[in-house]
Amino acid sequence: MEVNYLRGEIKMENLCIFEVADRYFVENISEFKEVLSDKVDALKNVDWIHNKGTVKTCQPDETGRKKRCKVGLEYRSKIELSISDVDIIWNEFSVFFEKTNTANIERISNNESMGRYVFVAKNYTGDEVECAIYLPGEWNIPQIYISGFVSGRYRNVDYVE
C-alpha cells in the first residue's frame, strides 16, 4: 500500500497509517482552534500555547513491527470565558467533530457545577479529541485547552514490503 499523504489530501481509508492519522488530527485540532477564534469574541486575539505532542513507540508485535501513537498534542490558553462562551464552544465542537472520524461526541457534565466543562470526541480505534474549559472559581484557573490523542498505528514504511 503506497500513500502520498503530503499532497494535502487525506482519505479516511488511509487513517490506519500513523503519519496520515497524525497529520489529520493536528490539522483538525488546529482548524477547530481557528473556528473558535472566529466564533467566540473572547478568543479572537488570544495567545495560544501550542504543544506538538510526542510520539510513543509500543512494544513490538509478533512480526517485530512497532505501532506508534501520539500524546500531548494540545492548544491551551489562560483566558476567562463565560457560560454563553461555553455554550457556543459546545455547539461548535459538536458540529465540527461530527464531520470527522471522531464523531462519537459526548459532553461530560459531572463537574459543570464547579465550572469545569469537558467535551470529548472519539472513535472506535481509540483516537480522541478533548476540549476542556475551566471558568473562574475557587478551585479553577480560568482556561481552555484542546487536546488530542492518536491511538497506536503502524508507520507507512511498516506496510511497504
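This is a predicted model, so every value here is computed, not measured.
Applying the salt bridge (charged side-chain N to carboxylate O under 4.0 Å, His left out) test to every pair with at least one member in residues 106-121, sequence neighbours left out, gives these pairs: Arg107-Glu112. For residues 135-148, no residue pair satisfies the salt bridge (charged side-chain N to carboxylate O under 4.0 Å, His left out) rule, not counting sequence neighbours.
Taking all atoms of both residues into account, the shortest heavy-atom contact from Val55 to Arg68 is CG1-CB, 4.0 Å. A pairwise comparison of heavy atoms in Ile105 and Phe97 identifies CD1-C, 3.8 Å as the closest pair.
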Output a table of donor-acceptor pairs, distance under 3.5 Å, between side-chain atoms of residues 28-40 and any protein atom two or more places apart or on a different chain; print 'none' if there are none.
unit_1, atom_1, unit_2, atom_2, d
Ser37, OG, Lys33, O, 3.1

Please table the atom pairs, donor to acceptor, closer than 3.5 Å between any side-chain atom in residues 142-152 and protein atoms at least two apart or in another chain.
unit_1, atom_1, unit_2, atom_2, d
Gln143, OE1, Arg76, NH1, 2.6
Gln143, NE2, Ile141, O, 3.4
Tyr145, OH, Glu130, OE2, 3.4
Ser151, OG, Thr125, O, 2.9
Ser151, OG, Asp127, OD1, 2.9
Ser151, OG, Arg153, NH1, 3.4

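The backbone N or O of Asp47 sits less than 3.5 Å from a side-chain atom of Ser77, completing a donor-acceptor pair. Asp158 contributes a side-chain N or O that, together with a main-chain N or O of Arg155, makes up a donor-acceptor pair within less than 3.5 Å. Looking at Asn123, its side chain does come within 3.5 Å of a backbone N or O of Gly126 through a donor-acceptor pair. Remark: the backbone N or O of Glu74 is not paired with any side-chain donor or acceptor of Asn51 at under 3.5 angstrom.
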Practice task
Under the side-chain hydrogen bond (donor to acceptor under 3.5 Å, both in side chains) rule, what do Asp87 and Ser84 come out as? Steps first, then yes or no, please.
Solution key: CA-CA 5 Å; Asp87 292 335; Ser84 61; over 6 Å; no
Problem - Steps toward side-chain contact (heavy atoms from CB on, under 4.5 Å) verdict (Phe25, Thr102) - result: CA-CA 10 Å; Phe25 280 93; Thr102 52; 3.5 Å; yes
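Remark: Thr54 engages Lys56, Val71 in a side chain to side chain contact (heavy atoms under 4.5 Å, CB included) (not counting sequence neighbours). With sequence neighbours left out, Lys52 forms a salt bridge (charged side-chain N to carboxylate O under 4.0 Å, His left out) with no residue at all.
Under the 4.5 Å side-chain criterion, counting only non-hydrogen atoms from C-beta, Leu43 is in contact with Leu81. Taking the side chain as every heavy atom from C-beta outward, Leu73 and His50 approach each other to under 4.5 Å.
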